Amino acid sequence: MTTADDARTLFRELTGTDPVGSWSAPGRVNLIGEHTDYNDGFVLPFAIDHRTHAALGLRDDARIRVVSTFDPVPVEVALGDLAALFPDRRDELPEWSRYALGVAWALIVRTGRNDLAGVDLAIASDVPVGAGLSSSAAIEGAVASALNDTWQLELDRVTLAQIGRTAENEAVGAPTGIMDQMASMLGRADAATFLDCRSLEAEIIDLGFADADLELVVIDTQVKHSHATGGYGERRAACERGAQIMGVAALRDLSVDDLDRAAELMDEVTFRRVRHVVTEDQRVLDTVRTLRTEGPEAIGDLLLASHASMRDDFEISVPELDTAVEAAMSAGAVGARMTGGGFGGAAIALVHRDRAGAVAEAATTAFADAGFTAPHVFTVTPSAGAGRD
Ligand code: GLA
């Protein structure tokens, strides 16, 4: 049974009827460009072949009910009550439901509509949760697409990504950027989305992994993270402090040439945070250029430099992620780095097809030797973005 079937089955169990349709949105891997999105910078993510599906049916009242494979207990709210719940009283709702209900709330706020039909939604997902693969953006994208079509709102994909981000920031309370939602909305098979997070201009960049006989291996460390708490927000605050000291609107406005001056003006920790973001923006630009001129085999050093910068300057790696990267490289990967917000989650390795098994084995052995929980290793394929199933 596919995950789309799971959503339909769950819908039938909830309502005793068939859904009118089902919509889905993918998780994402970020190839490079970490913690640059909320600094107005550049990112290069791609949508993956793991998706969240939302089966939807209409109700004859103005209520929204959601159920999911995350939690068997349905949550039901009057559409008119969402404005009272978000953001201040969000804690009254089960955490998973805030992603879906938060999207409905953000759509209502954005459109100002108060005449919308009630809906039942059943959500099923095969995007690993807490692995740094944007399971949350996948829920937001699936629900946003389903409601946009059903309520005939005719919002475009970039606007739906912004709706997802509003839900994430305000309904869930995670102070994240726009990358994940844009990647989930705009994904294309065999390609990455090169995104300018200031203008929100996106360009589709061919990855050419298949032609080069390369695979993208994900090593999920099983170390769970949450961006609603702790380190993520602290890093964001350090970036804002750095930009303020340098007198720019965002770190995007600095280049590598500004770093000597930055070192003189700020404390050492803030400087290292700034240096990560400024050099990472440059690495995204270099990666796009390298993909175009030399192909994917030539981006390995950029991936490794990105990881080192996150480990040493931004300090968001964990021993499991470093071990995964080292093991992948020792088994012959072209390049490897942690992906996503950090503090756990997954590493990615770009690997020749005939080395993929060796990389998985090396990671598993290295984790066992270090006494870590066994990693979950699998390959992902750059895939299409959100839409109707
Ligand atoms: C998380 C956030 C994104 C981005 C990354 C780090 O995935 O949701 O907005 O900031 O971390 O690059």
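Numbering of ligands and ligand atoms starts at 1, following listing order. Heavy atoms only: backbone and side chains are in, while hydrogens, waters and symmetry mates are out. Please read these numbers as outputs of a predicted model, since none were measured by experiment.
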- [ ] For this output row, return yes or no: ring centroids of Tyr38 and Tyr232 closer than 6.0 angstrom.
- [x] yes
TODO: Evaluate the ring planes of Phe209 and Phe46, with Trp represented by its six-membered ring, and classify them as parallel (under 30°), tilted (30 to 60°) or perpendicular (over 60°).
DONE: perpendicular
Open item on the list: Does only the side chain of Arg28 get under 4.0 Å from ligand 1, or the backbone, or both, or neither? Count heavy atoms.
Closed with: side chain
Task: salt bridge (Lys or Arg N to Asp or Glu O under 4.0 Å) assessment of Arg272 paired with Glu315 - done: CA-CA 9 Å; Arg272 284 192 287 113; Glu315 296 181 284; 3.1 Å; yes
- [ ] Taking only heavy atoms of Asp37 into account, list the atoms of ligand 1 that are under 4.0 Å away from them.
- [x] 3 (C), 4 (C), 9 (O), 10 (O)
Open item on the list: Can you give me the closest heavy-atom contact between Ala138 and Val127, atom names plus distance?
Closed with: CB-CG2, 4.0 Å
Open item on the list: Around atom CD of Glu361, are there more than 12 heavy atoms from other residues, nucleotides or ligands closer than 6.0 Å?
Closed with: no
Task: Proximal atoms of ligand 1 relative to Met179 (non-hydrogen, under 4.0 Å) - done: 4 (C), 5 (C), 12 (O)
Task: Contacting atoms of ligand 1, where contact means under 4.0 angstrom from a heavy atom of Gly177 - done: 9 (O)
- [ ] Look only at interatomic distance and state if Ser134 has a nitrogen or oxygen under 3.5 Å from any nitrogen or oxygen of ligand 1.
- [x] no
Open item on the list: Can you classify the ring geometry of His276 versus His35 as parallel (below 30°), tilted (30 to 60°) or perpendicular (above 60°)?
Closed with: perpendicular
Open item on the list: Is there a polar contact, in the sense of an N or O pair closer than 3.5 Å, between His35 and ligand 1?
Closed with: yes
Task: Heteroatom distance test (Tyr232, ligand 1): nitrogen or oxygen, under 3.5 angstrom - done: yes
- [ ] State the atoms of ligand 1, each with its element, that fall below the 4.0 Å cut-off from a heavy-atom position in Tyr38.
- [x] 10 (O)
